[in-house]
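Working notes for the structure below.
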Amino acid sequence: MTTTAPPAAEGFRVDPERLGRLWRRETGLFVERHPRSAALAESARAHYLFGVPMHWMRDWPLPFPVAVAEASGNRLKTVDGDELVDYCLGDSGALFGHSPAPVVAALAQQAPRGLTAMLPAEAVTSVGRRLADTFGLPHWQITLSATDANRFALRWARAVTGRPRVLVFDGCYHGTVDDTLVDLADGGREGAGGARTVARASLLGQVHDLALGTVVVPFNDLDAVRRVLAAGDVAAVLTEPALTNCGLVPPRPGFLAGLQVACRSSGTLLILDETHTLSQGLGGCTRAWGLDPDMLVAGKAVAGGLPCAVYGFTAELASRMEAAKRAAPDGHSGIGTTLSANLLAVAALEATLAEVMTRSTYDAMLGQAADLQGRLEAVLAGFGTPWSITRLGARMELQFCPHPPADAAEARAAFDAALERALHLYQFNRGVLLTPFHNMLLVAPQAGPADAARVADNLGAYLEEVST
Ligand SMILES: Cc1ncc(COP(=O)(O)O)c(C=O)c1O
């Protein structure tokens, strides 16, 4: 195992040999303590690819996946008897804590009364009103996943504008939507041919040239956006208000306002994917930062963790969408799925909007997240570690660079797989579950100061062990 230490401040250096020893020791500890998960992982190989029902479950930086016994609030218990403080929260699906009581009650009430009917539930009217109140957009559609919502949003955008291309930012992730699984060539590094859009190298089975329909530019680069939009052939810009899937890349002051102006003046729709940035506060960054998108997508946590997502849009766009649908021949629109807006999902959505995703829930999450950030920063400062914590409400990211990155190229330059996976395993073996993709922590409303102290103490002990 090798590591490239981050740019070292005076006195702080990661020792690759110490890191390697720690990794081997922690791997041994993990294996010793998880015999039941090991046995389940082995027997599951008989029926599942890589021994898991969804192959990403192998992407955790653990020797094998742990099996879940139960999860509640901000705690997750494994079949081996661990009780973990959960800062992954299903990668946002359980952002408001596992199994919120109002959602559990709504499911228990709805389940015996029908699960799916491909007809609207009685509750959809009040759900629509709540979505409008929460996010500030008047019209909505409901899907099964944020991936679906993004895919459909892009299809509507092309339908109403008649334009072929979409623009996304380097380092983006919007689910498994082909149009968005693209990168800048050469990791987006300047002077390395970075202006070219290419399919993500890791994609399987990719046969279409994604660069025909999508163009990628660096986040925070308004000039690059303007240059692309000037051609007048871009239907929509799809972005998160801050990139959360390539480390955490916040917008520079004025970037989002400039993006809105560039979109409006070129007739391009602006679609904000708030699936992860729901962490910022009630109504996501759109509400918190006074943004004005044409469309907004929210998924994962929006129905308390049930498969459900939503996309909303302005009244003007709604009438263009209805006109586009009417103008098309009868038949498949390529938008929607059979189980979308099913009775059970709508019940969970209504309960979440009414009783879970509330201001008081956010107050609790944001307070605890600020406390955790302060503790982690104090530990980093104590070691003179040139790393940073970037926080977006209840979501934060520990990055191996002194300041938040400005774009994906900078974020990638700070990645260090060996340091990262060892940190995850070290925290796991001491009762803390981090989100497997990069160093992301999501703070549930149930988290308390003792939980934050545990993560910070673990970080301090880790730094002590790996540094010279
Ligand atoms: C910003 C963003 N949008 C959309 C998605 C897709 O969500 P899902 O996998 O639930 O479809 C993700 C998944 O991580 C995401 O991070």
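If you're wondering where the values come from, they're calculated on a predicted model, not measured in any experiment. Position 1 is the first residue of the sequence, and the numbers go up from there. Whatever order the structure lists them in is the order used to number ligands and atoms, beginning at 1.
When the options P307, A146, P241 are ranked by their closest heavy atom to atom 7 (O) of ligand 1, first place goes to A146.
Listed by number with element, the atoms of ligand 1 under 4.0 angstrom from any heavy atom of H174 are 3 (N), 4 (C), 5 (C). Applying the 4.0 Å criterion to heavy atoms of S145 picks out, from ligand 1, the atoms 11 (O). Remark: ligand 1 atoms within the under-4.0 Å shell around heavy atoms of T275 are 2 (C), 3 (N). For ligand 1, the atoms closer than 4.0 angstrom to any heavy atom of N245 are 1 (C), 15 (C), 16 (O). Near G175, meaning under 4.0 Å from any of its heavy atoms, are these atoms of ligand 1: 4 (C), 5 (C), 6 (C).
A distance of 6.0 Å or more separates the ring centres of F437 and Y173.
At least one test fails for R430 against the ring of F428: distance under 6.0 Å to the centre or angle within 45° of the axis.
Considering only non-hydrogen protein atoms, atom 13 (C) of ligand 1 sits nearest to K300 NZ, 3.0 Å. The single protein non-hydrogen atom nearest to atom 8 (P) of ligand 1 is T147 OG1, 3.6 Å, given as residue, atom name and distance.
Side-chain atoms of D86 and H98 form a donor-acceptor pair, as typed in the model, at a separation below 3.5 Å.
Among the atoms of E240, none of the N or O lies under 3.5 angstrom from an N or O of ligand 1. In terms of N/O distances under 3.5 Å, ligand 1 is approached by D273. Residue W56 places no N or O, backbone or side chain, under 3.5 Å from any N or O of ligand 1.
Listed for the E397 side chain is a donor-acceptor partner under 3.5 Å among the backbone atoms of N439.
Between W140 and F135, the ring-plane angle classifies as tilted under the 30° and 60° cut-offs.
Contacts between N150 and ligand 1 below 4.0 angstrom, taking non-hydrogen atoms only, involve the side chain exclusively.
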Exercise for the section: Begin with the C-alpha distance, continue with both residues' side-chain angles, and end with the deciding distance and a verdict on ring-ring contact (aromatic ring centres under 6.0 Å, His included) for Y426 and F30. Expected result: CA-CA 9 Å; Y426 194 86; F30 177 93; over 10 Å; no
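What you find for Q260 and L270 is that their closest heavy atoms are CG-CD2, 3.6 Å. Shown here for G334 and R155, the closest heavy-atom pair between the two residues is O-NE, 3.3 Å.
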